[in-house]
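In what follows, every chain begins at residue 1, and chains take the letters A, B, ... in the order their sequences are listed. Both backbone and side-chain heavy atoms feed into the values below; hydrogens, waters and symmetry mates do not.
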Amino acid sequence: MNEKFLESYNAKNTEDRISLLWENSGFYNPDDMIKAGLTKNDAETFSMVLPPPNVTGTLHTGHASMIAIEDIMTRYNRMLGKKTLWIPGTDHAAIATQSKVEKILEKEKLRKTDLGRENFLKRVNEFAQKSHDTIISQCKKMGASLDWSREAFTLDKKRELAVRTAFKQMYDDGLIYKAHRIVNWDVKGQTVISDDEIIHVERDAEMFTFKYASDFPISISTTRPETKVGDTAVAVHPDDERYQKYIGEIYDINFCGSNISIEIIADYHVDKDFGTGALGVTPAHSIADWDIAERNPNIKVRKVIDEYGKMINCGDILTGMKITKARERVVEWLKKENLLEKSETIKQNISTAERSGGIIEPLPKMQWWIDTEKKFEFKSDKINGIKKGEMVSMKEVMLHVVRNNQINILPNRFEKVYFNWIENLRPWNISRQIWYGHQIPVWYKGDEIYVGTEAPKEDEWVQDEDTLDTWFSSGLWTFSTLGWPDKDSQDFKTYHPTTILETGHDILFFWVARMILMTTYLIGDIPFKTVYMHGLIRDSKGRKMSKSLGNIINPVDLIEKYGTDALRMAMVVGNGPGNDINLDDKKIKAYSKFANKLWNITRFILTETKETNSNTENIEYSNIDLNIINNQKKFIKEITLEMNELKYYIVSEKIYHYTWHIFADEIIEKSKDIFENGSEEEKLSRKYLLIRSIKNILKILHPFMPFITEEIWQELPKSENDRDILMTELWPE
RNA sequence: GGGCGAUUAGCUCAGUUGGCUAGAGCAACCCGUUUACACCGGGUAGGUCAGGGGUUCGAGUCCCUUAUCGCCCACCA
């Protein structure tokens, strides 16, 4: 018996060493498993991508729990004998990373424009590289059995080809188009963002009720008086008797120094009972009003706010003013002109940008869009219910594959959320006015336009300056990591579609939906069969972990303190799909005790079975022991079923319970009596039983607590039936 | 405004298709140092399963309703 068993279990002295053993074995890579004869060449496959962490910093506890669950899936399936591939990678995260670096530059009193595009990108790349290295080492500390030989980055060369290929195909099919439409403009971040990157924040706002002019027949209400110089209509409900007589009339007015022309129109969108029942329509600076203008094509669009949040094109008084200043100025003017009728404080949801925190200023702009409603020719016969060549829209396919259960989302309730999102999906704005990301693969030369995977050879072609929404490249992730667009890629043929996608429910729309969109369109197939959504990790009081609360826990600190195995168990036990869990130090501590318990169990067994042969097959077991073996088999059968149903949160607890309270408290305790008073046959039988049991326990516990189980396995006497590395063992029956 | 979730022992939570005499970990209390383990063992106490109503032979589990907390979505100016 190795001397280390004379002391308590020491995770610190064990985990890095075991990590190296696994890595050097090469067995994270399914090809090496096959070469070594440990996996059959024609075995069933299990494949999964690691949701690529953003290179914006370090991993948090949420990542740690994600890695724990996914590694359990991976190790379990590997032990089932499947060709098992878990692909690592990181995400460039465009806006998120760029804003992070801009914030760092701010401290140096620098702006990105001071550096210029090239130098700025150099800074971002340095930052991203550092962050990447930290993330990778954290993944390894967690025991993640990721195949590092296949590591990918959303912004590397191979992924660039995938992005450009996808873009070109969508462009050629007319699904990607350039259009002048109203967008969500982030004044602070100086870029457009998509609808999903908006965070609504409730705030107090002043709502003013007034008339444009004393001879204007209808009063309107607004919280944004400054935008009223951009009004081109007043909309009333078609059935509103108060205003019907005015519909169709046009009024030319001088409003706060600006000449405006207002047509009174009817639109069903207007709520008769809200405010005055009449809505001042500002098509250029309100998304809802833009829609009204689209329904009423004679309504003009007048842009009065520019990209810097300043008033433009609106007369001498306001032009050049900042928005907030202009608001005060208009109110002042209204008062002076005696037009203001009412002013009250109301609660209002204001749109802010997820990353910069700046207020969103809707304004019209030329941008690239993806049309999810336009029909295209479907590419394959792989989706039940859609035939090759059939004309379908992305929206339809996205709904179809989940409705007809070709993709299952767990827990099920998220399917409803998913459907609701798709049904209300607007065109997806994919261009960003930032520098870090995939530059749009479009080149211009005068009026000519070229879209392709490479720049045109001749001179004078200038590439579009915008970059793509980061989710465009992550949408391709399940297949861009497997060699697509190379149609001969062996990985793609073998491992796509992936078996499962495990991720947080906060990125259901951002990522999961976009992967389904991209894959069904480009490949004509699903990206994964099952979506498993884990919950958020909160602190011990159930609060979200955030910088402002100062309650962020670094998983590496927890690992230092309790060991990775204990942390993994704490994150898995009781953590069912979709539910948030509170992470308590006490819980992790409990599982570090469990690791020690297992260690002591091993010590006892090794001491008692010194001279026993390690082959436990074909033994004449006593009746008592046969009974124990049968119960153990029943137990393994039971948890195997639950493993297949992805119920790790139950299985982990059951193994804990079995190991401690059945195996240690009952079976081992009674063994002492047998070794003292039993017959020779009974003693021998019991020794074999203990060896057999500990091996089985190590195997079933291995996906959950890989380090300690491997460490013990390495010290156990092996028989010819045992494999050298527990990670490569087969799941017991 | 729409949708979803949670409410089970002092604390954190399990409890899948209705069969439970309702479980686990931590905390508490009592006993125990018999060589695997005091990071331990044996034991005790603690719950009208948020409230109310219903379906059923039977409900923590299904239905309705109320309350509280939380989350997501939404163009109410």
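By the 6.0 Å contact criterion, CD on A:E202 is enclosed, its count of non-hydrogen atoms from other residues, nucleotides or ligands being greater than 12. Within 6.0 Å of atom NZ in A:K589, 12 or fewer heavy atoms from other residues, nucleotides or ligands are found, so the atom counts as exposed in its surroundings.
Within 4.0 Å of A:F5, counting heavy atoms only, lies no atom of the nucleic acid at all. Within the nucleic acid shown, A:E669 comes within 4.0 Å of at least one base atom, counting heavy atoms only.
Between the side chain of A:H269 and the base of B:C75, a donor-acceptor pair under 3.5 Å is found. Side-chain to base pairing of A:S8 with B:C39: one donor and one acceptor N or O lie within less than 3.5 Å of each other.
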Side-chain donor-acceptor contacts of residues 205-213 of chain A below 3.5 Å, not counting sequence neighbours, with atom names and distances?
| unit_1 | atom_1 | unit_2 | atom_2 | d |
| --- | --- | --- | --- | --- |
| A:E206 | OE1 | A:S343 | OG | 2.8 |
| A:E206 | OE2 | A:T345 | OG1 | 2.6 |
| A:T209 | OG1 | A:S221 | OG | 2.9 |
| A:Y212 | OH | A:D231 | OD2 | 2.4 |

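Under the Watson-Crick or G-U wobble criterion, with both distances below 3.5 Å, B:U44 is paired with B:A28. Across all strands shown, B:U17 has no partner, as no Watson-Crick or G-U wobble contact with both distances under 3.5 Å is found.
Between B:U33 and B:C39, the distance separating the two C1' atoms is 16 Å to the nearest Å.
Nearest to the side-chain atoms of A:N600 among the listed nucleotides B:G25, B:C37, B:C76 stands B:C37. Distance from the side chain of A:F509 is smallest for B:C73 among the nucleotides B:C73, B:C37, B:C75.
Between B:G25 and A:W660, no contact under 4.0 Å exists linking OP1 or OP2 to a side-chain N or O. Between A:Y591 and B:C39 there is no side-chain N or O to OP1 or OP2 distance below 4.0 Å.
Checking A:S286 against A:H657, the closest nucleotide of RNA chain B that is more toward the 5' end is the one next to A:H657.
Classification of A:D240 and A:K272 as a salt-bridged pair fails, no side-chain N sitting under 4.0 Å from a carboxylate O.
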